[in-house]
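Below, read A as the first sequence line, B as the second, and so on, with proteins coming before strands; counting in each chain starts at 1.
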Protein chains: 2
Amino acid sequence: MRLLLIRHAKAEDAAVWSSDAVRPLAPEGRRQAQHLGARLVELGLACDQLLASPLLRARETAELLHATGAGPEPEEWDVLAPGHDLSELVPTLARQRDTGVARVGLVGHLPSLAAWAEALAWGEVRGHLVLKPAGVIGLELPDSGSLAGQCTLFWLTSPKLLP
Amino acid sequence: MRLLLIRHAKAEDAAVWSSDAVRPLAPEGRRQAQHLGARLVELGLACDQLLASPLLRARETAELLHATGAGPEPEEWDVLAPGHDLSELVPTLARQRDTGVARVGLVGHLPSLAAWAEALAWGEVRGHLVLKPAGVIGLELPDSGSLAGQCTLFWLTSPKLLP
């Protein structure tokens, strides 16, 4: 199974929105998400399942990925909100893997996404992966067994490096 | 300073060449290297310096990157041949960084390139980075101080994911 960890696209300025949970994408962010969705389709990386953080900027990003054909209607997953540990994701990811899901897209936030990727690939978190808004980390899960420290990294890109 | 670790493009079949050192690129590999060079130019990632392993498939890859404008005339660097340790590269890389070189491209082989990248970003080698022929790993070096375990990964792509 392949996992695409997708950071929400560029959002409106935090300073002008009273609630972080309903801060929407900026116009540039909407373009980034649409572009990413089109690229994923073109690259043969459309997802079988799209899971998004409940925060608006992540849900909007996932909706735009869906609208461009990069995955089915997104589902909200509370564990993708800020502040959750990889251990809260792993049982679900392992179950998806074991039921034959080929490609899952998780739309969420920093620092969690980059930290989870490091923990999945190296078993520890160093903060040495750069993930820009609308950037993607691609991980390949092992066919069986535990996930932490056992995944391989096959892709890391920012929107600028995916023209 | 940014470092682009570039694996040589697809080479001719090892079974039909008596010496591994003079095994040339396959026609598909030449196309991959030209495409990568054009993409690096377009993305603003042309290199200030191109260093290549002395093995023919790496030198040919570097020459094609140069021909497409992705860097100056390549220089051979024995340390990029198979079998060298990161410790043999680090003094030269640190010197380039300290003299203000912005972007260096190193064209070489597996498993060294992926192992060096892991050692530069995480301080240890796990073999969990996937680097395809004509694939690229992009690392950002810290502005000063030691390199091992102190670099950040900003890019990892295969030719398929860089259309």
Enquirer: Enter the distance from A:Leu156:CG to B:Trp155:CH2 here, rounded to the nearest 0.5 Å.
Expert: 10.5 Å
Enquirer: List the atom of A:Gly123, the atom of B:Arg126, and the distance in Å for their closest heavy-atom pair.
Expert: N-NH1, 4.1 Å
Enquirer: Linking I/L/V/M/F/W/Y whenever any side-chain heavy atoms sit under 4.5 Å apart, do B:Leu120 and B:Leu51 land together?
Expert: yes
Enquirer: Answer with side chain, backbone, both or neither: which region of A:Glu140 has an atom nearer than 4.5 Å to a non-hydrogen atom of chain B?
Expert: neither
Enquirer: Would you find a donor on one side and an acceptor on the other, under 3.5 Å apart, between the side chain of A:His128 and the backbone of B:Cys151?
Expert: yes
Enquirer: A:Val130 and side chain to side chain contact (heavy atoms under 4.5 Å, CB included): which partner among B:Leu139, B:Leu153, B:Thr152?
Expert: B:Thr152
Enquirer: Check this for me: B:Asp143, atom CG, are more than 12 non-hydrogen atoms of other residues, nucleotides or ligands nearer than 6.0 Å?
Expert: no
Enquirer: Verify the distance criterion only: is there a donor paired with an acceptor across the side chains of A:Glu124 and B:Trp122 at less than 3.5 Å?
Expert: no
Enquirer: Could you check which of A:Thr157, A:Leu45, A:Leu43 has the highest count of heavy-atom pairs closer than 4.5 Å to chain B?
Expert: A:Leu43
Enquirer: Consider only side-chain heavy atoms of I, L, V, M, F, W and Y, link residues closer than 4.5 Å, and tell whether B:Leu141 and B:Leu4 are in one cluster.
Expert: no
Enquirer: Are B:Leu161 and A:Val41 co-members of a hydrophobic cluster defined by side-chain heavy atoms under 4.5 Å apart?
Expert: no
Enquirer: If Ile, Leu, Val, Met, Phe, Trp and Tyr residues are connected whenever their side-chain heavy atoms lie under 4.5 Å apart, and connections chain through other members, are B:Leu113 and B:Trp77 in the same group?
Expert: yes
Enquirer: Under 4.5 Å between side-chain heavy atoms, counting indirect links through other Ile/Leu/Val/Met/Phe/Trp/Tyr residues: same cluster for A:Val79 and A:Leu147 or not?
Expert: yes
